[in-house]
Amino acid sequence: QVQLVESGGGLVQPGGSLRLSCVASGSIFSIDAMGWYRQVPGNVRELVATLSKGGSTNYADSVKGRFTVSRDNAKKTAYLQMNSLKPENTAVYYCHADCVLVTNGRFSRYNAWGKGTQVTVSS
C-alpha cells in the first residue's frame, strides 16, 4: 500500500513560520494531486492547499499569500511553507496524495492520507 509521513509541525508564535513535509512510500507508480488539509476538533477536514502533477495549485482563501505548497516528484515529497501564522491556523494538518499504484503488474488508484501533524499557533 501507501504510507504518507508528515513532519514539521509544532508550536509557533503568531507571525512565525513553519514548514511541513510529507514523504510518500509504497507501491506507487505515480502521484497526481498532492497536498494538505487540516482539521480542528469538532469541525470537518478542510482543504488548505493542493498541487497537481502538472503544477496547478489550489489554496483556501484564508491562506492565500501566506502559505505555499510545493513538491519534489522525484522524492515523492510535498511541502507546505506557512508564513505569518495566526492562532486560527491551529489544527492538525494532514497530507493527502492521489496515487496510482502498481501491484503485480496491475494499476489502481488510491487516495492516501497521512496520520497528521499538530500545528499550534500561540503566544
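Given the structure is predicted, the values throughout are model-derived calculations rather than measurements.
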Minimal non-hydrogen separation, T90 against Q118, with atom names: CG2-NE2, 3.9 Å
Donor + acceptor pair across side chains of N83, S17 (<3.5 Å): yes
V12 with L80, same ILVMFWY side-chain cluster at under 4.5 Å: yes
Distance-minimising heavy-atom pair for C99 and V2: SG-CG1, 4.2 Å
Residue pair L18, L85: steps toward the side chain to side chain contact (heavy atoms under 4.5 Å, CB included) verdict: CA-CA 8 Å; L18 283 175; L85 282 161; 4.2 Å; yes
Joint cluster assignment, L47 & Y94, ILVMFWY side-chain distance < 4.5 Å: yes
Joint cluster assignment, V69 & L4, ILVMFWY side-chain distance < 4.5 Å: no
Any donor-acceptor pair under 3.5 Å from R66 side chain to S84 backbone: yes
Y79 six-ring face occupied by R19 cation (under 6.0 Å, within 45°): yes
Heavy-atom pair with the smallest gap, counting every atom of Y93 and E6: O-OE2, 3.9 Å
Close side-chain approach of M82 to V119, heavy-atom, < 4.5 Å: yes
Validation row: Q1, L101 side chains within 4.5 angstrom (heavy atoms): yes
Heavy-atom closest contact (T103 atom, S27 atom, distance): OG1-CB, 4.4 Å
Heavy-atom closest contact (R71 atom, I31 atom, distance): NH2-O, 3.0 Å
Parallel, tilted or perpendicular, as decided by the 30° and 60° cut-offs, for the rings of W113 and H96: tilted
Heavy-atom side-chain contact between D98 and N111 under 4.5 Å: yes
In one Ile/Leu/Val/Met/Phe/Trp/Tyr side-chain cluster, 4.5 Å: V63, W36: yes
Backbone of K86 reached by a side-chain donor or acceptor of N89 within 3.5 Å: yes
Test: E46 and R38 ion pair at under 4.0 Å: yes
Non-hydrogen side-chain atoms of F107 and F29 separated by less than 4.5 Å: yes
Side-chain heavy-atom pair T50, T57 within 4.5 angstrom cut-off: no
Student check: side-chain heavy atoms of I28 and V100 closer than 4.5 Å: no
S25 and K76: CA distance, side-chain angles, deciding distance, side chain to side chain contact (heavy atoms under 4.5 Å, CB included) verdict: CA-CA 7 Å; S25 62; K76 297 186 179 65; over 6 Å; no
Spacing of OG1 belonging to T77 relative to CE belonging to M34, to within rounding of 0.5 Å: 6.5 Å
Rounded distance [0.5 Å steps], OG in S52 versus CG in D32: 8.5 Å
Greater than 12 external heavy atoms within 6.0 Å of R106's CZ: no
Test side chain to side chain donor-acceptor pair (under 3.5 Å) applied to Q13 and S123, step by step: CA-CA 5 Å; Q13 292 187 342; S123 56; over 6 Å; no
Closest contact, heavy atoms only, V48 versus F67: CG1-CD2, 3.7 Å
